[in-house]
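Below is one structure, written out as structure tokens; the observations come after it.
Side chains included, hydrogens not; waters and symmetry mates left out as well; all remaining heavy atoms used. Labels below follow one simple rule: chain letters A, B, ... track the order of the sequence lines, proteins then strands, and each chain is numbered from 1.
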Amino acid sequence: MTRADKKLWLVLLFTILSVTMASAGTEEIGGDFTLTDHNNDTFRLSQLQGKLVLLSFGYTYCPDICPTELAKLAVVFDTLKGESDDLQGLFVSLDPDRDTPAVLSDYVGYFNSEIVGLTGSEKAVDQVARQYRVKYQRNDKAGGGYSIDHSANLYLIDQMGELVVVIPYGMPVEHIVDVVRGMLSVDG
Amino acid sequence: MVFRFFQPFLIAAIFVTTVDANSINPSVISAPGYGELAYKLPEIGSYQLPPLGEASNGEVLIAEGEQRTLYELFNGKYVLLAFIYSTCSDVNGCPLTSHVFYKIKSAMQRDQVLASRLKLISLSFDPEVDTPSVMGLYGNNFRYAGSAGEWQFVTTASQQSLDPILKSYNQVILRETDSSGRTHVGYSHVLRVFLIDPEKNIRNIYSVDFLHQDLIINDLKTILQQAQRSGETIKLATASQQTSRLSKPGDNKLGYELSDYVTDSQDLELRKGEKADLLSIANNPPLGLPAIPVPVDNPLSREKIELGRKLFYDRRLSLNDTFSCAMCHVPDQGFTSNELAMAVGIEGRSVRRNSPSVYNSAYSKLLFHDGREENLEQQAWGPLLANNEMANPSIGYVLNKIRQIDDYRGLFEAAFDGRSVSMETLGMALASYQRALVSADSPFDRWRYAGDETALSESAKRGFEIFTGKAGCVACHSIGERSALFMDDQLHNTGIGYRESMGFSPDKQPVTVAPGISIEIDRAIIDQVGEKPPTDVGRYEVTQNPHDRWKYKTPSLRNVDLTAPYMHNGSLSTLHEVVDFYDQGGVPNELLDPLIRPLGLSSQERSDLVDFMRSLTGSNVDTLVADAFNAPIGDVGEGDPSWVHGSEVEVR
Amino acid sequence: MRLFKKKPAKSIALASALAIGATLFGATLSLQADETCQSPYMAKIVGQEDFVYVWTLGIEGMGDGQDKLVTVDVNPKSANYGKVVDSLSIGGRNEAHHSGFTDDRRYLWAGGLDTNKLFIFDVHSDPAKPTLHKVVTDFVEKSGGVVGPHTTYALPGRIMITGLSNNKDHGGRTALVEYTNEGEYIATHWMPTDQNLRGAEKTGKYADGYSYDVRVLPRRNIMLTSSFTGWSNYMMDFGKMLQDKQAMKRFGNTVVLWDLHSKKPTKVFDVPGAPLEIRCAWQPDHNWCVTTTALTSKIWLIYEDQQGEWQAEAVADVGDASKVPLPVDISISSDDSRLWVNTFMDGKTRLFDMTNPHKPKQVYEKVIGRQVNMASSSWDSTRIYYTSSLLANWDKKGEDNEQYFKSYVWNGEQLVEKFAIDFKALKLGRAHQMRFGAYSLYGQVRPEDRQTSIAGLDTTGK
């Protein structure tokens, strides 16, 4: 192998690792984090102790998955409104460049006032994504602009701050309602 | 701020319509699994789901982190197995699987059979991210909702333990990489969900278009129902088989030239028949036939006939395993070919003459249209070795091949007192079968030789008078006092061969292109796509005697109604055309047989003649055809000389 | 319909840079290559195809006389553009005819209409150099007597094979046969006959039990089969056959509609005159397929009417039927607006406007050669390839027997020839079915790109 080859392999190796490292790991999935909410206030997950948290990831320029997922969350909140006050929805932006608190405020507000939009520095957001093994990647588009590919599971964190259920993307809203209701009745 | 929400959609819409208007990608449509099925499903139990091979085993980790084999997880249940990865977000990929599995899981809440018999398994192909604890978090979904039925999430310890599973289920997973060499967060794979039965047979594979809960449940119930009913014989909904039809062509094209033609096709799957006692038929030929001449050195026996029958239908007896004797001497086509004027051989090579019928060939002292062979034992080798028929390169090649085919083991020895396959015994066996195909006891025979006045119609009786009188047909198609062979073992020039060799083709040729539709096609077009036809000078080719030019053997008229088309080149399609031909005196040429002259028959007389010939069909033709249908057809199978079925193919 | 996620156009030449669901609309932009005549289940090439695999019939006395899979480099960026880069002889002459990929597109199945062998080529390990992976020699025995494996059509995890004939009389009655992707026999589905319609409705006068091509519309759960003729006819000298009154009665006059899921026939339509190739519309609201009749020179539309009933209707003539132009291969554009129809006898390719499928109109024609059979168009309709051979004994004789592979570009108004390869001069044989190959399908990079993007890299890793 020539020196140039080695250099190239290293670059390749690094890029491969950088993706996998972002999400892989033997440590437990979940945990506390600190970000900025859509009112530009500092937000810690642990401040929601006592509440059942529905955590999702996305970005506001997202064309299809995020709006459908948020719409589903909104239905969950509407359905369970009378049953519990101990529910909180979170939407973490994976696109902090574009998703300022103000942008997020408009976006999540459209779906449901109970959902809090979260953003932060690129580093802070990336840290949270790693904790929850969310995979995401920025893709530049030929005509300018970019999209972000990302995984879209829904994370359910119980009143004690423990991640208890991951609902795979694709499950219908009835199921989410059933699971949340089930968790509320067991734990709450 | 509604606008903000819709903006991305708007951009998408513009993009699609302006940039990609010519190739709207159907994939943007959500898979059927997300909605109601847009069509009616086939009735449960009304169709078959044959096994698609065995579902493989493999080592996996369950949510608790313990190791299990897939077979342990299957646990004697019906299983739906999907490959997923938790970070997959293609709408029509893994999430579709989750959605459809959820729907089935929901159905389990209401359907006890489903819940108890079926198990859902999602196996991750991303062991790096999808650790057992992540699988556990998925599994927890059903701790809180919908506990009936089982949906298990499993993963593997490493890529190394995953790979053999992926390979055995034919799941190709490509890590997505972009142009800068950067690995993407996604994988590309062909979505496949497997339905596996308790015997570990894969019974169906669902891709994006088929992954729908209703369809899967329909399939499962179909298999359950059929498993329950196994042992009961499933009756095919079929028309009752009329044995009297067997001797008629299975693909009857009678009247195809007319616009009111309707098909009358028989089903090949129902082409079955009973074995006949050919030996006793041969030993006691039906009414109207004399005893068959049998060579002293080849007496008939059951074993020889049976062996000859097997050989007659064996397609492996040709160079490339595509041709048996029966490909040209088709049982339900009068043991000749109704489908062709002139035969075609291996690789479609042109044969110059019409396939003669094998019926009653036992009585022929001359074989082939030019009479070049003298007995069936020797005749058998002609087609086997002819380059444009079965094209075997040598006698030794044929014998060697038969020696290597397992299902012939011991058969020659049993039929020929310990003699194995040889040029002689092969010919003897084939001759014995063909010799046994004797057929008579026709309406004519019963009228003529048993005195049954009602056996023959009045028109056929009139036809007989013309046949033996005014038309003089009997001069060559002889009828004896106690029996009739309807042939003279002689060769004659009728002018058909002369016309073909010496005549001029018209500029246009009528060609039937569909039922009732004929087009006059320019000769030039035909010549463009056709080889020049080979010449055929008939008996002359055997004797080299110029007087024998265009002489051909007189065929027997027994079963003549079944053996269209007629004449040595199949140029006349119907018996009416044949009668017209002779009525006109054949085709004049200097060697025309003096017996052939214009007959001056009325149309009534011509029609009576045809009716007479139609009364010559033997009463046992259906029995003989049924027996033929009962014969095994030899095609290349496992272990045969030409059999190859490995993945280790050495060609280069 | 979508199996692989689609790749952005910019990374065409490279590995699987696929957009995932979050960029669905971006993905729609990138689908702009590949043939339009394949199974909808199949992985598709995005962007420029690298190769065309030509299933070629050996000619006795020419070269090695064997059938072969010929690989032509068709990527304009390649140094070998327009050249034959590989030729794989497979032994004997088998009446090579049609071929098709498995759903994951890793293997190419090619049938021999004469010897009934199935040749399974590995096209994924090295797309530039396919290898023979497996040969199936017991197709007839396993299928219960089906002869003439014709179309090899990808269904999920399996291949549907149409038969043309049978081992009982070498006539046209036949069946569909299913095999697993691994090359193992699954089932035989006999065509409906008068004796046993198998639950189908005989809508007209014919139920001949013949078969030829197969296509599906999964979202309507339907499958269609057409009908040709038996071994005796497709193998014999064409000129001889035209003059054989019996043989000319042995052509198919039906199209059969099937329930795709249960593989059960539901309707038998009268479509007289040997309906051959079937192409189904791609657009999600186009519930129709087309076929052309070889002997009667018509385009037939098989469509679902407003009541949800499927119907068959003759919608256009192809050339002058009295001259027997013999429509053979057809190719539909991915937006369903155009249909290429080749007519063998006059060597023409004809473009029909299908905007109203009930009233196709010929808008363009061009002579491709003295004879022409197959046409394969790229997904974006800009590139179209032609080959010459119909059947070994049906091809024209003598001087007229041109054998070629020709590459054209459709510029919206006319076909412009890019290159042609003379298969006789190269002693290859009769060029028949074409299938597209690409490195990108298998996460591979073109060797030339490997060198340019990774300067000085020793790819062997030494």
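Side chain to side chain, R250(C) and N338(B) fail the donor-acceptor criterion of an N or O pair below 3.5 Å. Counting only N and O atoms by type, the side chains of N253(C) and Y256(B) include a donor and acceptor under 3.5 Å apart. Inspection of the D267(B) and T193(C) side chains reveals an N or O donor paired with an N or O acceptor under 3.5 Å. Side-chain polar atoms of D259(C) and Y39(B) form no donor-acceptor pair below 3.5 angstrom. Defined by atom type and a distance below 3.5 Å, a donor-acceptor pair is missing between the side-chain atoms of N320(B) and R93(C).
P42(B) touches chain C through backbone and side chain together, each having a heavy atom under 4.5 Å away. With a 4.5 angstrom heavy-atom cutoff, E257(B) touches chain C only via side-chain atoms. If you measure heavy-atom distances from D122(C) to chain B, you find no contacts under 4.5 Å at all. Using a 4.5 Å cut-off between heavy atoms, R106(C) contacts chain B through its side chain alone, with no backbone atom that close. Only the backbone of S571(B) comes within less than 4.5 Å of a heavy atom of chain C; no side-chain atom from C-beta onward does. Of the two parts of M241(C), neither the backbone nor the side chain holds a non-hydrogen atom closer than 4.5 Å to a non-hydrogen atom of chain B. Interface remark: P51(B) contributes backbone atoms only to the contact with chain C (heavy atom separation under 4.5 Å). Proximity to chain B involves both the backbone and the side chain of K249(C), based on heavy atoms less than 4.5 angstrom apart. When heavy atoms are compared at a cutoff of 4.5 Å, N116(C) approaches chain B solely by way of its side chain, counted from C-beta outward. Heavy-atom distances place the side chain of W190(C), and not its backbone, under 4.5 Å from chain B. Looking at T180(C), the atoms closer than 4.5 Å to chain B (heavy atoms on both sides) all sit in the side chain, from C-beta outward. Contact of K202(C) with chain B is made through the side chain alone, with heavy-atom distances under 4.5 Å. Contact annotation for I519(B): only side-chain heavy atoms (C-beta onward) come within less than 4.5 Å of a heavy atom of chain C. Using a 4.5 Å cut-off between heavy atoms, E95(C) does not touch chain B at all. Only the side chain of Y210(C) comes within contact range of chain B, judged by heavy atoms closer than 4.5 Å. Contacts of I526(B) with chain C are made by both backbone and side-chain atoms, with heavy-atom separations under 4.5 Å. For R316(B), no part sits under 4.5 Å from any heavy atom of chain C, backbone or side chain. With a threshold of 4.5 angstrom between heavy atoms, K396(C) approaches chain B through its backbone and through its side chain.
Between F251(C) and T512(B), the closest side-chain pair of non-hydrogen atoms is not below 4.5 Å. Proximity of M345(C) to I525(B): side-chain heavy atoms (C-beta onward) are separated by under 4.5 Å at one or more points.
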Next on the checklist: Does T263(B) form a side chain to side chain donor-acceptor pair (under 3.5 Å) with D208(C)? I'd like the steps, not just the answer.
Outcome noted: CA-CA 6 Å; T263(B) 55; D208(C) 45 33; over 6 Å; no
Item to check | Test side chain to side chain contact (heavy atoms under 4.5 Å, CB included) applied to T115(C) and D321(B), step by step | outcome: CA-CA 7 Å; T115(C) 58; D321(B) 305 293; over 6 Å; no
Item to check | Residue pair R158(C), L52(B): steps toward the side chain to side chain contact (heavy atoms under 4.5 Å, CB included) verdict | outcome: CA-CA 8 Å; R158(C) 68 191 93 166; L52(B) 305 175; 3.6 Å; yes
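How far CE of M236(C) is from CD of E531(B): 14.0 Å, rounded to the nearest 0.5 Å. Note that CD of E269(B) and NE2 of H189(C) are 11.0 Å apart. Values are rounded to the nearest 0.5 Å. Interatomic distance, S324(B) OG to N167(C) CG, rounded to the nearest 0.5 Å: 8.0 Å. Between the CG atom in L191(B) and the CG atom in D103(C) there is a gap of 10.5 Å [rounded to 0.5 Å]. To the nearest 0.5 Å, atom CD of residue Q528(B) and atom CZ of residue F344(C) are 8.5 Å apart. Taken from CG in N181(C) to CD1 in I205(B), the straight-line distance is 7.0 Å, to the nearest 0.5 Å.
Among K117(C), R173(C), E141(C), the residue making the largest number of heavy-atom pairs under 4.5 Å with chain B is R173(C). Listed options S232(C), G209(C), G145(C), G171(C) were ranked by heavy-atom pairs under 4.5 angstrom with chain B; first place goes to S232(C). Of the residues considered (V513(B), V529(B), V262(B), D635(B)), V529(B) shows the highest number of contacts with chain C, using heavy-atom pairs under 4.5 Å. Ranked by heavy-atom pairs under 4.5 Å with chain C, the list S265(B), G530(B), P565(B) is led by S265(B). Your options are N221(C), I186(C), N233(C), and the one with the most heavy-atom pairs under 4.5 Å with chain B is N221(C). The choice from K323(C), M235(C), K245(C), Q371(C) that makes the most heavy-atom pairs within less than 4.5 Å of chain B is M235(C).
Nearest heavy-atom pair across W231(C) and G345(B) is CH2-O, 3.1 Å. Among all heavy-atom pairs drawn from D104(C) and N170(B), the shortest one is OD2-OD1, 4.0 Å. Scanning all heavy atoms of the two residues, the minimum distance from S259(B) to K205(C) falls at O-NZ, 2.6 Å.
A salt bridge between K168(C) and D332(B) is absent, with no side-chain N of the basic residue lying under 4.0 Å from a carboxylate O of the acidic one.
Taking the six-membered ring where tryptophan is involved, the planes of Y47(B) and H261(C) are perpendicular, since the angle between them exceeds 60° and thus also 30°.
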